[in-house]
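These notes concern the structure reproduced below.
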Amino acid sequence: MKKIRLTLTTMLLLFVLFTGSASASNVTATAPAPTAAETAEANTLLARLAEIDALDKTDMSSSEKKELRKEVKATKSRLRAIGGGVYVSVGALIIILLLLIILL
């Protein structure tokens with residue numbers, strides 16, 4: 001009985017701690033499908049990433065490399081914004097698995 005109480009208390013505590021950070025995010029459960037314009041923009045961004053990856057960076061100065069890194073970072077963040085989606089943290093995944101194991 002004490003073991004079950006301890007387990008349930010621990011799970012409740014973990015649930016409270018991890019849901020605070022999960023509820024702070026502004027990710028929606030249903031992401032709208034990307035439009036044709038967004039798909040075309042995503043394709044051009046992916047092509048630019050492939051161009052940057054294929055570049056010979058050995059003869060570039062450090063400032064040029066820094067600008068490329070900034071561009072890659074901005075491009076990847078824009079692709080993430082276009083793609084949407086729902087991300088589940090590792091902590092939430094562990095809690096879900098524990099709940100499934102206990103309940104089933």
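Everything numeric in this text was worked out from a predicted model, so none of it was measured. Because only heavy atoms are used, hydrogens play no part in the values below, and waters and symmetry mates are left out as well, while side chains stay in. Sequence positions, counted from 1, serve as the residue numbers for this chain.
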Practice task
In plain terms, say whether E67 and K70 are close enough for a salt bridge, that is, a side-chain N and a carboxylate O under 4.0 Å apart.
Solution key: no

Problem - Hydrophobic cluster of L98, others only, ordered by chain and residue number, side-chain cut-off 4.5 Å - result: V90, I94

Practice task
Measure the CG-CD distance between L45 and E38 for me, rounded to the nearest 0.5 Å.
Solution key: 11.0 Å

Handout entry: Distance in Å, L79 CG paired with N43 CG, rounded so as to fall on 0.5 Å steps
Key = 9.5 Å

Exercise for the section: With side chain to side chain contact (heavy atoms under 4.5 Å, CB included) as the test, would you mind laying out the steps for I52 and T75 before giving the verdict? Expected result: CA-CA 11 Å; I52 291 173; T75 303; 5.7 Å; no

Exercise for the section: Working to the nearest 0.5 Å, report the span between CD of E64 and CG of L68. Expected result: 7.5 Å

Handout entry: Closest contact, heavy atoms only, D53 versus K57
Key = O-NZ, 3.7 Å

Exercise for the section: Go through the structure and list residues passing side chain to side chain contact (heavy atoms under 4.5 Å, CB included) with R69, not counting sequence neighbours. Expected result: K65, K66

Fill in the blank from the handout: d(R48 CZ, L46 CG) to nearest 0.5 Å is 13.0 Å

Practice task
Please round to the nearest 0.5 Å and tell me the distance separating atom CD1 of I102 and atom CG of L97.
Solution key: 11.0 Å

Fill in the blank from the handout: When rounded to the nearest 0.5 Å, the distance separating OG of S89 from CD1 of I96 is 8.0 Å

Problem - Over 12 non-hydrogen atoms of neighbours within 6.0 angstrom of CG in L100 - result: yes

